[in-house]
There are 2 protein chains.
Amino acid sequence: MNMAIYSGIMSPYSIPSSNVDHSSNQPAEWELAVIDLFINAAQSAGLPKSLGQIYGLLFCRDDALAMDEIIQLLSISKGSASQGLRSLRQLGAVNSQYARGDRKERFVAEIRLRKLVAGFLKEQAEPHMEKGITRLEHLRELLSEEEDGDSKARGKRRETILSSWHRQMGRILPWVKMIVGKSDKLPK
Amino acid sequence: MNMAIYSGIMSPYSIPSSNVDHSSNQPAEWELAVIDLFINAAQSAGLPKSLGQIYGLLFCRDDALAMDEIIQLLSISKGSASQGLRSLRQLGAVNSQYARGDRKERFVAEIRLRKLVAGFLKEQAEPHMEKGITRLEHLRELLSEEEDGDSKARGKRRETILSSWHRQMGRILPWVKMIVGKSDKLPK
DNA sequence: CATGTTGTTCAAGTTTTTTTGAACAAAATG
DNA sequence: CATTTTGTTCAAAAAAACTTGAACAACATG
(Lines give C-alpha, C1' and ligand atoms only; values in the text may rest on other atoms or scores of the structure.)
Protein backbone atom coordinates (compact mmCIF):
# COMPACT_ATOMS: atom_id res chain seq x y z
CA MET A 1 0.00 0.00 0.00
CA ASN A 2 1.08 3.61 0.16
CA MET A 3 3.46 2.97 2.98
CA ALA A 4 5.47 5.96 2.02
CA ILE A 5 2.56 8.19 2.73
CA TYR A 6 1.06 6.69 5.84
CA SER A 7 3.91 5.11 7.78
CA GLY A 8 6.89 6.32 9.58
CA ILE A 9 7.31 9.44 11.55
CA MET A 10 4.51 11.40 10.00
CA SER A 11 1.40 11.37 12.09
CA PRO A 12 -1.09 9.06 10.40
CA TYR A 13 -3.53 11.76 9.54
CA SER A 14 -1.22 14.47 8.34
CA ILE A 15 -1.54 15.17 4.65
CA PRO A 16 1.38 16.71 2.84
CA SER A 17 -0.06 20.09 2.04
CA SER A 18 1.67 20.45 -1.28
CA ASN A 19 0.66 17.03 -2.52
CA VAL A 20 -3.08 16.60 -2.65
CA ASP A 21 -3.94 12.94 -2.30
CA HIS A 22 -6.56 12.61 -4.98
CA SER A 23 -7.19 8.98 -4.46
CA SER A 24 -8.37 9.06 -0.87
CA ASN A 25 -10.34 12.29 -1.15
CA GLN A 26 -13.61 11.56 0.46
CA PRO A 27 -16.43 11.80 -2.08
CA ALA A 28 -17.81 15.31 -2.56
CA GLU A 29 -21.46 15.92 -1.88
CA TRP A 30 -22.37 15.80 -5.54
CA GLU A 31 -20.48 12.55 -5.88
CA LEU A 32 -22.47 11.03 -3.07
CA ALA A 33 -25.62 12.07 -4.93
CA VAL A 34 -24.38 10.40 -8.10
CA ILE A 35 -23.47 7.25 -6.20
CA ASP A 36 -26.91 7.24 -4.67
CA LEU A 37 -28.42 7.60 -8.11
CA PHE A 38 -26.55 4.52 -9.30
CA ILE A 39 -27.46 2.54 -6.21
CA ASN A 40 -31.06 3.10 -7.13
CA ALA A 41 -30.52 2.35 -10.78
CA ALA A 42 -28.78 -0.91 -9.91
CA GLN A 43 -31.51 -2.02 -7.59
CA SER A 44 -34.21 -1.25 -10.09
CA ALA A 45 -32.31 -3.34 -12.61
CA GLY A 46 -32.16 -6.21 -10.16
CA LEU A 47 -28.46 -5.80 -9.42
CA PRO A 48 -26.94 -5.63 -5.96
CA LYS A 49 -26.57 -2.28 -4.33
CA SER A 50 -22.80 -2.51 -4.08
CA LEU A 51 -22.50 -2.73 -7.85
CA GLY A 52 -24.26 0.59 -8.18
CA GLN A 53 -22.15 2.05 -5.44
CA ILE A 54 -18.84 1.04 -6.98
CA TYR A 55 -19.86 1.97 -10.49
CA GLY A 56 -21.15 5.33 -9.28
CA LEU A 57 -17.87 6.14 -7.60
CA LEU A 58 -15.83 5.23 -10.66
CA PHE A 59 -18.24 7.13 -12.88
CA CYS A 60 -17.49 10.28 -10.92
CA ARG A 61 -13.74 10.04 -11.12
CA ASP A 62 -11.43 10.95 -13.93
CA ASP A 63 -8.61 8.81 -12.64
CA ALA A 64 -8.63 5.07 -12.27
CA LEU A 65 -9.07 3.80 -8.72
CA ALA A 66 -7.48 0.78 -7.09
CA MET A 67 -9.45 -1.65 -5.01
CA ASP A 68 -8.17 -0.43 -1.68
CA GLU A 69 -9.17 3.11 -2.58
CA ILE A 70 -12.65 1.96 -3.48
CA ILE A 71 -12.89 0.09 -0.20
CA GLN A 72 -11.82 3.13 1.74
CA LEU A 73 -13.97 5.66 -0.12
CA LEU A 74 -17.13 3.61 0.08
CA SER A 75 -16.50 1.92 3.42
CA ILE A 76 -17.26 -1.50 2.04
CA SER A 77 -15.53 -4.79 2.68
CA LYS A 78 -12.80 -6.34 0.64
CA GLY A 79 -15.11 -9.15 -0.34
CA SER A 80 -17.81 -6.85 -1.67
CA ALA A 81 -15.31 -4.82 -3.59
CA SER A 82 -13.72 -7.86 -5.16
CA GLN A 83 -17.00 -9.49 -6.11
CA GLY A 84 -18.58 -6.23 -7.17
CA LEU A 85 -15.71 -5.39 -9.46
CA ARG A 86 -15.81 -8.82 -10.96
CA SER A 87 -19.50 -8.49 -11.80
CA LEU A 88 -19.00 -5.02 -13.19
CA ARG A 89 -16.21 -6.23 -15.40
CA GLN A 90 -18.35 -9.09 -16.58
CA LEU A 91 -21.13 -6.66 -17.41
CA GLY A 92 -18.64 -4.54 -19.33
CA ALA A 93 -19.41 -1.63 -17.04
CA VAL A 94 -15.87 -1.34 -15.75
CA ASN A 95 -12.48 -1.72 -17.38
CA SER A 96 -9.21 -2.31 -15.63
CA GLN A 97 -5.80 -0.92 -16.27
CA TYR A 98 -2.35 -1.71 -15.03
CA ALA A 99 -0.14 1.30 -14.67
CA ARG A 100 3.45 0.38 -15.46
CA GLY A 101 5.56 -0.18 -12.42
CA ASP A 102 2.46 -0.54 -10.27
CA ARG A 103 1.27 -3.84 -8.91
CA LYS A 104 -2.24 -2.66 -8.33
CA GLU A 105 -5.02 -3.16 -10.78
CA ARG A 106 -6.93 0.08 -11.31
CA PHE A 107 -10.49 0.51 -12.50
CA VAL A 108 -12.37 2.97 -14.66
CA ALA A 109 -16.06 3.16 -15.48
CA GLU A 110 -17.30 2.48 -18.98
CA ILE A 111 -19.39 5.51 -19.81
CA ARG A 112 -20.61 4.67 -23.30
CA LEU A 113 -24.28 3.94 -22.83
CA ARG A 114 -24.22 1.68 -25.86
CA LYS A 115 -21.65 -0.54 -24.20
CA LEU A 116 -23.46 -0.54 -20.90
CA VAL A 117 -26.75 -1.53 -22.41
CA ALA A 118 -25.15 -4.14 -24.63
CA GLY A 119 -23.39 -5.69 -21.66
CA PHE A 120 -26.52 -5.72 -19.59
CA LEU A 121 -28.54 -7.33 -22.34
CA LYS A 122 -25.88 -9.89 -23.02
CA GLU A 123 -25.45 -10.90 -19.40
CA GLN A 124 -29.02 -10.56 -18.19
CA ALA A 125 -31.50 -10.76 -21.03
CA GLU A 126 -29.88 -13.23 -23.39
CA PRO A 127 -29.43 -15.99 -20.83
CA HIS A 128 -33.13 -15.75 -20.08
CA MET A 129 -34.02 -16.01 -23.72
CA GLU A 130 -31.84 -19.10 -23.94
CA LYS A 131 -33.48 -20.65 -20.94
CA GLY A 132 -36.81 -19.82 -22.53
CA ILE A 133 -36.05 -22.00 -25.52
CA THR A 134 -35.29 -24.95 -23.29
CA ARG A 135 -38.43 -24.46 -21.31
CA LEU A 136 -40.57 -24.27 -24.40
CA GLU A 137 -39.07 -27.51 -25.63
CA HIS A 138 -39.80 -29.12 -22.31
CA LEU A 139 -43.37 -27.92 -22.52
CA ARG A 140 -43.78 -29.42 -25.98
CA GLU A 141 -42.50 -32.73 -24.69
CA LEU A 142 -44.94 -32.78 -21.82
CA LEU A 143 -47.77 -31.97 -24.18
CA SER A 144 -46.85 -34.73 -26.57
CA GLU A 145 -47.12 -37.18 -23.69
CA GLU A 146 -50.50 -35.84 -22.61
CA GLU A 147 -53.48 -37.91 -23.64
CA ASP A 148 -55.76 -36.31 -26.22
CA GLY A 149 -58.48 -34.15 -24.80
CA ASP A 150 -59.45 -30.64 -23.75
CA SER A 151 -56.43 -30.18 -21.56
CA LYS A 152 -54.00 -31.11 -24.30
CA ALA A 153 -55.72 -28.85 -26.80
CA ARG A 154 -55.65 -26.00 -24.36
CA GLY A 155 -51.99 -26.65 -23.67
CA LYS A 156 -51.17 -26.53 -27.36
CA ARG A 157 -52.85 -23.17 -27.70
CA ARG A 158 -50.80 -21.87 -24.80
CA GLU A 159 -47.63 -23.21 -26.29
CA THR A 160 -48.37 -21.32 -29.48
CA ILE A 161 -48.82 -18.09 -27.57
CA LEU A 162 -45.62 -18.54 -25.61
CA SER A 163 -43.65 -19.27 -28.75
CA SER A 164 -44.97 -16.14 -30.34
CA TRP A 165 -44.05 -14.09 -27.30
CA HIS A 166 -40.59 -15.52 -27.29
CA ARG A 167 -40.13 -14.61 -30.92
CA GLN A 168 -41.31 -11.07 -30.33
CA MET A 169 -39.12 -10.51 -27.30
CA GLY A 170 -36.18 -11.75 -29.30
CA ARG A 171 -36.92 -9.10 -31.87
CA ILE A 172 -36.73 -6.30 -29.37
CA LEU A 173 -33.20 -6.81 -28.16
CA PRO A 174 -31.39 -5.89 -31.37
CA TRP A 175 -33.56 -2.81 -31.72
CA VAL A 176 -32.75 -1.60 -28.27
CA LYS A 177 -29.07 -1.95 -28.94
CA MET A 178 -29.48 -0.10 -32.19
CA ILE A 179 -31.48 2.77 -30.78
CA VAL A 180 -29.11 3.29 -27.89
CA GLY A 181 -26.17 2.89 -30.21
CA LYS A 182 -27.17 5.93 -32.20
CA SER A 183 -25.84 9.24 -31.03
CA ASP A 184 -23.58 7.67 -28.53
CA LYS A 185 -21.36 10.67 -28.70
CA LEU A 186 -23.05 13.18 -26.50
CA PRO A 187 -25.03 15.51 -28.69
CA LYS A 188 -23.60 18.91 -28.00
CA MET B 1 -63.25 -21.91 3.52
CA ASN B 2 -65.17 -24.00 1.01
CA MET B 3 -67.57 -25.29 3.59
CA ALA B 4 -70.28 -25.38 1.02
CA ILE B 5 -68.36 -27.76 -1.16
CA TYR B 6 -66.98 -30.10 1.41
CA SER B 7 -69.69 -30.33 4.03
CA GLY B 8 -72.88 -32.03 3.14
CA ILE B 9 -75.38 -30.19 5.24
CA MET B 10 -75.36 -26.75 3.71
CA SER B 11 -77.18 -27.13 0.47
CA PRO B 12 -77.49 -23.53 -0.72
CA TYR B 13 -73.98 -23.38 -2.04
CA SER B 14 -73.46 -26.92 -3.13
CA ILE B 15 -72.57 -27.37 -6.74
CA PRO B 16 -74.70 -29.59 -8.94
CA SER B 17 -72.87 -32.85 -9.46
CA SER B 18 -73.50 -32.89 -13.18
CA ASN B 19 -71.44 -29.77 -13.42
CA VAL B 20 -67.77 -30.74 -13.51
CA ASP B 21 -65.84 -28.64 -11.07
CA HIS B 22 -63.27 -27.28 -13.48
CA SER B 23 -61.95 -24.76 -11.07
CA SER B 24 -60.44 -27.03 -8.49
CA ASN B 25 -58.87 -29.42 -10.97
CA GLN B 26 -55.34 -29.78 -9.82
CA PRO B 27 -52.96 -28.34 -12.41
CA ALA B 28 -51.93 -30.76 -15.12
CA GLU B 29 -48.26 -31.48 -15.58
CA TRP B 30 -47.95 -29.14 -18.52
CA GLU B 31 -49.64 -26.44 -16.50
CA LEU B 32 -47.10 -26.85 -13.74
CA ALA B 33 -44.39 -26.41 -16.34
CA VAL B 34 -46.00 -23.21 -17.59
CA ILE B 35 -46.37 -21.91 -14.06
CA ASP B 36 -42.75 -22.66 -13.43
CA LEU B 37 -41.86 -20.82 -16.59
CA PHE B 38 -43.66 -17.73 -15.34
CA ILE B 39 -42.13 -18.01 -11.90
CA ASN B 40 -38.77 -17.72 -13.58
CA ALA B 41 -39.86 -14.95 -15.87
CA ALA B 42 -41.19 -12.98 -12.92
CA GLN B 43 -38.04 -13.35 -10.93
CA SER B 44 -35.86 -12.30 -13.81
CA ALA B 45 -38.02 -9.22 -14.20
CA GLY B 46 -37.56 -8.41 -10.55
CA LEU B 47 -41.08 -9.37 -9.57
CA PRO B 48 -41.99 -11.67 -6.69
CA LYS B 49 -42.31 -15.33 -7.38
CA SER B 50 -45.94 -15.49 -6.38
CA LEU B 51 -46.87 -13.04 -9.12
CA GLY B 52 -45.46 -15.39 -11.69
CA GLN B 53 -47.17 -18.32 -10.08
CA ILE B 54 -50.59 -16.72 -10.09
CA TYR B 55 -50.25 -15.29 -13.54
CA GLY B 56 -49.03 -18.61 -14.86
CA LEU B 57 -52.02 -20.42 -13.49
CA LEU B 58 -54.47 -17.93 -14.95
CA PHE B 59 -52.60 -17.98 -18.24
CA CYS B 60 -53.23 -21.71 -18.51
CA ARG B 61 -56.95 -21.56 -17.87
CA ASP B 62 -59.75 -20.65 -20.19
CA ASP B 63 -62.16 -19.86 -17.39
CA ALA B 64 -61.82 -17.12 -14.84
CA LEU B 65 -60.71 -18.26 -11.39
CA ALA B 66 -61.78 -16.90 -8.02
CA MET B 67 -59.31 -16.15 -5.28
CA ASP B 68 -60.11 -19.19 -3.19
CA GLU B 69 -59.55 -21.41 -6.22
CA ILE B 70 -56.19 -19.83 -6.83
CA ILE B 71 -55.26 -20.33 -3.19
CA GLN B 72 -56.23 -23.96 -3.35
CA LEU B 73 -54.61 -24.74 -6.69
CA LEU B 74 -51.30 -23.12 -5.85
CA SER B 75 -51.26 -23.83 -2.13
CA ILE B 76 -50.46 -20.26 -1.26
CA SER B 77 -51.84 -18.11 1.52
CA LYS B 78 -54.74 -15.73 1.35
CA GLY B 79 -52.39 -12.84 1.90
CA SER B 80 -50.13 -13.73 -0.98
CA ALA B 81 -53.07 -14.27 -3.28
CA SER B 82 -54.66 -10.98 -2.39
CA GLN B 83 -51.47 -8.99 -2.73
CA GLY B 84 -50.34 -10.85 -5.79
CA LEU B 85 -53.60 -10.26 -7.57
CA ARG B 86 -53.51 -6.61 -6.67
CA SER B 87 -50.04 -6.23 -8.18
CA LEU B 88 -51.03 -8.15 -11.27
CA ARG B 89 -54.07 -5.97 -11.75
CA GLN B 90 -51.95 -2.89 -11.32
CA LEU B 91 -49.54 -4.20 -13.93
CA GLY B 92 -52.46 -4.80 -16.24
CA ALA B 93 -51.51 -8.49 -16.37
CA VAL B 94 -54.81 -9.64 -14.93
CA ASN B 95 -58.38 -8.50 -15.37
CA SER B 96 -61.25 -9.19 -13.05
CA GLN B 97 -64.82 -10.06 -13.79
CA TYR B 98 -67.95 -10.31 -11.74
CA ALA B 99 -70.31 -13.00 -12.89
CA ARG B 100 -73.89 -11.92 -12.32
CA GLY B 101 -75.39 -13.35 -9.21
CA ASP B 102 -71.97 -14.25 -7.89
CA ARG B 103 -70.31 -12.40 -5.08
CA LYS B 104 -66.87 -13.61 -5.96
CA GLU B 105 -64.48 -11.64 -8.06
CA ARG B 106 -62.96 -13.80 -10.77
CA PHE B 107 -59.68 -13.28 -12.58
CA VAL B 108 -58.37 -13.86 -16.07
CA ALA B 109 -54.89 -13.35 -17.48
CA GLU B 110 -54.22 -10.63 -20.00
CA ILE B 111 -52.50 -12.44 -22.84
CA ARG B 112 -51.84 -9.62 -25.28
CA LEU B 113 -48.10 -9.16 -25.09
CA ARG B 114 -48.50 -5.53 -26.07
CA LYS B 115 -50.62 -4.88 -22.99
CA LEU B 116 -48.30 -6.81 -20.74
CA VAL B 117 -45.23 -4.95 -21.89
CA ALA B 118 -47.03 -1.61 -21.76
CA GLY B 119 -48.16 -2.28 -18.22
CA PHE B 120 -44.74 -3.35 -17.13
CA LEU B 121 -43.11 -0.31 -18.62
CA LYS B 122 -45.69 2.00 -17.16
CA GLU B 123 -45.44 0.59 -13.67
CA GLN B 124 -41.76 -0.23 -13.53
CA ALA B 125 -39.79 1.79 -16.02
CA GLU B 126 -41.66 5.08 -16.09
CA PRO B 127 -41.51 5.66 -12.34
CA HIS B 128 -37.77 5.24 -12.51
CA MET B 129 -37.51 7.72 -15.34
CA GLU B 130 -39.53 10.16 -13.26
CA LYS B 131 -37.34 9.65 -10.26
CA GLY B 132 -34.37 10.16 -12.54
CA ILE B 133 -35.53 13.65 -13.40
CA THR B 134 -35.78 14.57 -9.76
CA ARG B 135 -32.38 13.18 -9.02
CA LEU B 136 -30.80 15.05 -11.89
CA GLU B 137 -32.33 18.27 -10.62
CA HIS B 138 -30.99 17.56 -7.18
CA LEU B 139 -27.57 16.97 -8.66
CA ARG B 140 -27.66 20.29 -10.49
CA GLU B 141 -28.55 22.04 -7.27
CA LEU B 142 -25.68 20.50 -5.40
CA LEU B 143 -23.34 21.46 -8.18
CA SER B 144 -24.50 25.05 -8.22
CA GLU B 145 -23.65 25.26 -4.54
CA GLU B 146 -20.21 23.79 -5.04
CA GLU B 147 -17.34 26.26 -5.09
CA ASP B 148 -15.64 26.69 -8.42
CA GLY B 149 -12.80 24.29 -9.08
CA ASP B 150 -11.86 20.97 -10.53
CA SER B 151 -14.47 19.05 -8.64
CA LYS B 152 -17.29 21.29 -9.81
CA ALA B 153 -16.11 21.17 -13.42
CA ARG B 154 -15.92 17.39 -13.24
CA GLY B 155 -19.37 17.25 -11.70
CA LYS B 156 -20.80 19.31 -14.51
CA ARG B 157 -19.35 16.97 -17.10
CA ARG B 158 -20.95 14.04 -15.29
CA GLU B 159 -24.25 15.81 -15.13
CA THR B 160 -24.14 16.29 -18.89
CA ILE B 161 -23.52 12.61 -19.42
CA LEU B 162 -26.34 11.56 -17.12
CA SER B 163 -28.76 13.92 -18.81
CA SER B 164 -27.87 12.50 -22.17
CA TRP B 165 -28.39 8.95 -20.91
CA HIS B 166 -31.72 9.88 -19.47
CA ARG B 167 -32.80 11.31 -22.78
CA GLN B 168 -31.71 8.22 -24.65
CA MET B 169 -33.41 5.83 -22.28
CA GLY B 170 -36.56 7.86 -22.62
CA ARG B 171 -36.38 7.35 -26.35
CA ILE B 172 -36.32 3.59 -26.05
CA LEU B 173 -39.57 3.08 -24.22
CA PRO B 174 -41.92 4.19 -27.00
CA TRP B 175 -40.02 2.08 -29.48
CA VAL B 176 -40.31 -1.01 -27.39
CA LYS B 177 -44.03 -0.50 -27.09
CA MET B 178 -44.26 0.00 -30.80
CA ILE B 179 -42.22 -3.04 -31.76
CA VAL B 180 -44.13 -5.30 -29.44
CA GLY B 181 -47.37 -3.73 -30.50
CA LYS B 182 -46.87 -4.85 -34.07
CA SER B 183 -48.11 -8.26 -34.95
CA ASP B 184 -49.83 -8.68 -31.66
CA LYS B 185 -52.15 -11.08 -33.33
CA LEU B 186 -50.24 -14.27 -33.56
CA PRO B 187 -48.52 -14.44 -36.93
CA LYS B 188 -49.34 -17.58 -38.94
C1' DC C 1 -79.26 -6.30 12.16
C1' DA C 2 -77.05 -10.84 13.04
C1' DT C 3 -74.65 -13.89 10.10
C1' DG C 4 -71.84 -15.76 6.60
C1' DT C 5 -68.93 -14.73 2.74
C1' DT C 6 -65.29 -12.31 0.42
C1' DG C 7 -61.33 -9.63 0.37
C1' DT C 8 -57.53 -6.59 2.68
C1' DT C 9 -53.93 -5.45 5.91
C1' DC C 10 -49.98 -5.98 8.51
C1' DA C 11 -46.92 -7.92 12.24
C1' DA C 12 -44.34 -11.86 12.67
C1' DG C 13 -42.04 -15.73 10.60
C1' DT C 14 -39.49 -17.63 6.73
C1' DT C 15 -36.59 -17.63 2.88
C1' DT C 16 -33.39 -15.51 -0.15
C1' DT C 17 -29.91 -12.36 -1.15
C1' DT C 18 -26.08 -9.58 0.06
C1' DT C 19 -22.20 -8.33 2.88
C1' DT C 20 -18.48 -9.22 5.79
C1' DG C 21 -13.94 -10.75 7.18
C1' DA C 22 -10.69 -14.19 7.92
C1' DA C 23 -8.21 -17.73 5.54
C1' DC C 24 -6.15 -18.68 1.40
C1' DA C 25 -3.77 -18.12 -3.25
C1' DA C 26 -0.85 -15.61 -6.44
C1' DA C 27 2.64 -12.90 -7.63
C1' DA C 28 6.26 -9.41 -7.01
C1' DT C 29 10.22 -7.95 -4.24
C1' DG C 30 14.53 -8.04 -2.19
C1' DC D 1 12.89 -18.41 -0.83
C1' DA D 2 10.96 -15.65 3.01
C1' DT D 3 8.26 -11.60 3.02
C1' DT D 4 5.08 -8.26 1.59
C1' DT D 5 1.45 -6.76 -1.26
C1' DT D 6 -2.66 -7.64 -3.88
C1' DG D 7 -6.66 -10.07 -4.86
C1' DT D 8 -10.12 -14.19 -4.35
C1' DT D 9 -13.10 -17.37 -1.93
C1' DC D 10 -16.49 -18.87 1.05
C1' DA D 11 -18.84 -19.76 5.56
C1' DA D 12 -21.25 -17.15 8.62
C1' DA D 13 -23.71 -12.79 9.84
C1' DA D 14 -26.73 -9.21 8.43
C1' DA D 15 -30.12 -7.28 5.67
C1' DA D 16 -33.80 -7.39 2.48
C1' DA D 17 -37.64 -9.51 0.35
C1' DC D 18 -41.41 -12.52 0.51
C1' DT D 19 -45.07 -15.29 2.66
C1' DT D 20 -48.17 -16.46 6.12
C1' DG D 21 -52.27 -16.22 8.92
C1' DA D 22 -55.06 -13.97 12.16
C1' DA D 23 -57.55 -9.82 12.84
C1' DC D 24 -60.21 -6.71 10.54
C1' DA D 25 -63.32 -4.35 7.07
C1' DA D 26 -66.93 -4.46 3.67
C1' DC D 27 -70.85 -6.03 2.16
C1' DA D 28 -74.53 -9.10 0.71
C1' DT D 29 -78.19 -12.10 2.52
C1' DG D 30 -81.97 -13.68 5.02
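Model, not experiment: these values are computed from the prediction. Letters A, B, ... are given to chains in the order of the sequence lines, protein chains preceding strands, and every chain is numbered from 1.
Between B:Arg89 and B:Glu105 there is a salt bridge, with a side-chain nitrogen of the basic residue lying less than 4.0 Å from a carboxylate oxygen of the acidic one. Between A:Asp36 and B:Arg135, at least one side-chain nitrogen of the basic residue sits less than 4.0 Å from a carboxylate oxygen of the acidic one, meeting the salt-bridge criterion. The existence of a salt bridge linking A:Glu110 and A:Arg112 is confirmed by a sub-4.0 Å separation between a basic side-chain nitrogen and an acidic carboxylate oxygen. Salt bridge status for B:Lys177 with B:Glu126: present, with a side-chain N to carboxylate O gap under 4.0 Å.
Taking only side-chain atoms of B:Met67, from C-beta outward, the nucleotide of D:dT19, D:dT8, C:dG7 with the closest atom is C:dG7.
Near-neighbour residues of DNA chain C inside residues 79-89 of chain A, defined by a heavy atom below 4.0 Å, number-ordered: A:Gly79, A:Ser80, A:Gln83. Contacts between residues 41-59 of chain B and DNA chain D, defined by a heavy-atom separation under 4.0 Å, are made by B:Pro48, B:Lys49, B:Ser50.
Separating the CG atom of B:Asp102 from the C1' atom of C:dG7 is a distance of 14 Å, rounded to the nearest angstrom. One can place CD1 of B:Ile76 at 19 Å from P of C:dT14, the figure rounded to the nearest angstrom. Per the geometry, CD1 belonging to B:Ile39 stands 14 Å off C1' belonging to D:dT19, to the nearest Å. What separates NZ of A:Lys78 from P of C:dT20 is a distance of 14 Å, to the nearest Å. The CD-C1' distance, from B:Glu105 to D:dC27, rounds to 14 Å in whole Å. B:Tyr98 places its OH atom 14 Å from the P atom of D:dA26, with the value rounded to the nearest Å. Spacing between atom CZ of A:Phe107 and atom C1' of D:dG7 amounts to 9 Å, rounded to whole angstrom units. Taking atom CD of residue B:Gln97 and atom C1' of nucleotide C:dG7, one finds them 18 Å apart after rounding to whole Å.
In the model, A:Gln83 has no side-chain atom that pairs as donor or acceptor with a side-chain atom of A:Ser87 under 3.5 Å. For the residue pair A:Glu31 and A:Gln26, no side-chain donor N or O sits within less than 3.5 Å of a side-chain acceptor on the partner. Residues A:Ser163 and A:Glu159 bring a donor and an acceptor atom of their side chains to less than 3.5 Å of each other.
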If you restrict it to nitrogen or oxygen atoms, what contacts under 3.5 Å exist between nucleotides 25-30 of chain C and the protein, and what is each distance?
none

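Ring geometry, B:Trp175 versus A:Trp175: the interplanar angle falls under 30°, so the pair is classed parallel (tilted spans 30 to 60°).
For the salt bridge (charged side-chain N to carboxylate O under 4.0 Å, His left out) with A:Glu69, the qualifying choice from A:Arg61, A:Arg106, A:Lys104 is A:Arg106, the only one to do so. Of the candidates B:Val108, B:Ile35, B:Val94, B:Leu58 forms a side chain to side chain contact (heavy atoms under 4.5 Å, CB included) with just one, namely B:Val94.
With ring centers used as reference points, A:Trp30 lies 6.0 Å or more from A:Phe59.
Between the side chain of B:Lys104 and the base of C:dG7, no donor-acceptor pair under 3.5 Å is found.
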